[in-house]
Protein chains: 2
Amino acid sequence: MQGPPAFGSAFLLAQLGAHATQRFAERVSDLGLTPPQTGLLRAIARRPGESQQVLAAELGTPPTRLVALVDGLEQQGLIERRRNPQDRRLYAVFLSDKGQETMAALAKAAAAHEDEMMAALSTEERATLRGLLGRVAADRDLTPGVHPGYRT
Amino acid sequence: MQGPPAFGSAFLLAQLGAHATQRFAERVSDLGLTPPQTGLLRAIARRPGESQQVLAAELGTPPTRLVALVDGLEQQGLIERRRNPQDRRLYAVFLSDKGQETMAALAKAAAAHEDEMMAALSTEERATLRGLLGRVAADRDLTPGVHPGYRT
DNA sequence: TATTGTTATACTCTATAACTATA
DNA sequence: TATAGTTATAGAGTATAACAATA
C-alpha cells in the first residue's frame with residue numbers, strides 16, 4: 001500500500017492561491033488592469049474621497065507604492081485626484097464614471113473566476129468550503145477584501 | 001439589512017494562499033532556505049540522480065533558473081552534483097546526508113505550519129477542507145506537490 | 001548540428017531614502 | 001517642524017538570449 005505523497009491543506013492553499021491569483025491576473029489584464037490596481041480600485045470604491053495616506057494604511061502598503069498605482073488608474077481615467085481646498089497637501093481620490101463601469105466589469109470577471117475555480121464542487125460543497133475558508137481567514141487575522149500582496 | 005461585502009472562495013484562496021506562503025517562508029528562512037529552494041529540494045528527494053534539465057521540466061521552470069537554485073543548495077552542502085561519466089554534459093543531482101537531515105527538519109516545519117494554519121478547525125473540519133481543496137486542485141490540473149510559483 | 005549547463009543582460013516589482021510643497 | 005505626496009535609487013527575483021563544453 002503505497003499511497004501518493006500526502007500534502008497538507010496549507011500547501012494546497014498556497015498552491016491554489018497562486019493559481020487563482022494567476023488566472024485572475026489574466027482575466028483583469030483584459031480590462032487593462034493588474035491585480036494590485038484592482039485592489040486599490042476596490043479600496044477607493046469602499047471609501048471614496050480618502051487621501052493616499054489613508055488608502056496606503058488601509059492596504060498596508062508604503063505610501064510611495066501608491067503613487068504609481070494611482071497614476072496608472074488616473075491615466076486610464078478610472079479615478080480622479082481632487083485637491084482638498086482646506087489642506088492643499090492632500091488629495092481626495094474618487095472613482096470616475098468610467099471607474100464605476102470598470103468596477104461593474106470587475107464584478108463580472110470575479111464571478112466568472114469564482115465559477116471557474118469552483119467548477120469541481122456542488123452548490124452545497126461550495127458553501128461548505130466558503131464557510132471553512134472564511135473561518136480560517138478570520139482566525140489568521142486577514143483583513144476582509146485586502147490581499148496580503150500589499151503587506152510587507 | 002446591510003451585510004458585510006461578500007468575497008468568494010476564489011478570493012479567499014488567493015488571500016489565504018499568499019498568507020500561507022509568507023508564513024512558510026518565515027519558517028524555512030530559519031533553515032537558511034527560500035520557498036523555491038525547498039520545492040527544488042523536495043523534487044530532488046523524489047527523484048534522486050536526475051539532470052537539471054529533467055528537474056527544470058518537473059518544476060515547469062526555465063533551466064537557467066535552476067542553476068542559481070542548485071548553486072545555493074550545493075553551497076550549503078545539502079546536495080551534490082555528480083558528473084555522468086557516460087555523457088559528461090549532464091550532472092546527476094543527489095541529496096547529501098545533510099540534505100536528508102534538512103528534509104526531515106522541513107517536514108517538521110511543514111507540520112507546524114499546517115497546524116498553525118488550521119488552528120481554527122476541528123479534526124473533522126480539517127479533513128473536509130483537505131478533501132475539497134484536493135478535488136479543486138485536481139480539477140484545475142495542478143501537479144501534486146509542485147507550487148505554481150515555478151511556472152511562467 | 002544538437003544538447004547540457006552556464007553566464008550576461010534586461011525587465012518587473014517593490015522598498016528605502018531623499019526631496020517639494022504645503023501646513 | 002511636521003506632514004502629503006513625489007522622485008530617485010537600489011535591491012530581489014525572474015526571464016530571454018548568447019555562450020562554452022560535450023555529444
Side-chain angles (χ1 to χ4, degrees), chain A residues 18 21-22 24-26 28-29 32-40 43-44 47 49-75 79-94 146-152, chain B residues 18 21-22 24-26 28-29 32-40 43-44 47 49-75 79-94 146-152:
Chain A
T21 299
Q22 191 175 323
F24 184 69
E26 290 171 15
V28 298
S29 85
L33 296 174
T34 64
Q37 283 178 327
T38 68
L40 173 56
I44 297 169
R47 310 187 51 174
E50 294 289 358
S51 70
Q52 297 184 189
Q53 292 284 341
V54 170
L55 290 170
E58 172 101 356
L59 296 176
T61 195
T64 54
R65 187 180 166 192
L66 236 73
V67 178
L69 290 174
V70 171
D71 282 350
L73 295 179
E74 189 181 41
Q75 277 159 29
I79 64 172
E80 293 170 20
R81 280 175 167 116
R82 300 184 201 153
R83 278 288 181 198
N84 183 329
Q86 268 111 47
D87 186 340
R88 294 175 36 73
R89 289 174 304 181
L90 284 75
Y91 281 117
V93 185
F94 292 91
V146 176
H147 193 283
Y150 291 99
R151 311 219 164 247
T152 303
Chain B
T21 299
Q22 192 174 322
F24 184 69
E26 290 171 15
V28 298
S29 85
L33 296 174
T34 64
Q37 283 178 328
T38 68
L40 173 57
I44 297 168
R47 310 188 50 175
E50 295 289 359
S51 71
Q52 296 184 189
Q53 292 284 340
V54 170
L55 290 169
E58 172 100 357
L59 296 176
T61 194
T64 54
R65 187 179 165 191
L66 236 73
V67 178
L69 290 174
V70 171
D71 283 350
L73 295 179
E74 189 181 40
Q75 277 159 29
I79 64 173
E80 293 169 20
R81 279 175 167 117
R82 300 184 201 154
R83 277 287 181 200
N84 182 330
Q86 268 112 48
D87 186 340
R88 294 175 37 72
R89 290 174 303 182
L90 284 75
Y91 281 118
V93 184
F94 292 91
V146 176
H147 193 283
Y150 290 99
R151 311 217 165 249
T152 304

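Naming: A, B, ... by sequence-line order, numbering from 1 per chain. Everything numeric in this text was worked out from a predicted model, so none of it was measured.
In this entry the distance linking OH of A/Tyr91 with C1' of C/dT20 reads 12 Å, nearest Å. Look at NE2 on A/His147: it is 11 Å from P on C/dT14, rounded to the nearest Å. Taking atom CD of residue B/Gln86 and atom C1' of nucleotide C/dT4, one finds them 16 Å apart after rounding to whole Å. D/dG11 atom P lies 20 Å from atom CZ of A/Arg65, rounded to whole Å. Rounding to whole angstrom units, CG of residue B/Leu69 and P of C/dT6 are separated by 12 Å. Counting to the nearest Å, the P atom of D/dG13 and the OH atom of B/Tyr150 are 13 Å from each other. Rounded to whole Å, the distance from CG on A/Leu66 to P on D/dG5 is 9 Å. Across the protein-nucleic acid pair, A/Gln37 atom CD and C/dC13 atom C1' stand 13 Å apart, rounded to whole Å.
Contact annotation: the side chain of B/Leu73 never approaches that of B/Arg81 to less than 4.5 Å [non-hydrogen atoms, C-beta and beyond]. Residues A/Thr21 and A/His147 form a side-chain contact, since some pair of their non-hydrogen atoms from C-beta on lies under 4.5 Å apart. Residues B/Thr38 and B/Phe24 are in side-chain contact: their nearest non-hydrogen atoms beyond the backbone lie under 4.5 Å apart.
Listed for the B/Arg83 side chain is a donor-acceptor partner under 3.5 Å among the backbone atoms of B/Arg88.
For A/Arg81, the side-chain atoms get nearest to D/dT6 when compared with the rest of D/dA15, C/dA23, D/dT6. When distances run from any side-chain atom of B/Gln53 to the nucleotides C/dA23, C/dT4, C/dT16, the shortest one goes to C/dT4. Distance from the side chain of A/Leu90 is smallest for D/dA4 among the nucleotides C/dG5, D/dT6, D/dA4.
At a threshold of 4.0 angstrom between heavy atoms, the contacts of B/Thr64 include nucleobase atoms, whether or not backbone atoms are also involved. Looking at heavy-atom distances under 4.0 Å, A/Arg83 makes no contact with the nucleic acid at all.
The heavy-atom pair separating A/Ser51 from A/Leu90 by the smallest distance is CB-CD2, 4.2 Å.
Judged by distance alone, with hydrogens and angles left aside, A/Arg89 brings a side-chain donor or acceptor within reach of the base of D/dT3, the pair sitting under 3.5 Å.
Taking 4.0 angstrom as the limit, B/Gln52 places a side-chain polar atom (N or O) nearer than this to OP1 or OP2 of C/dT6.
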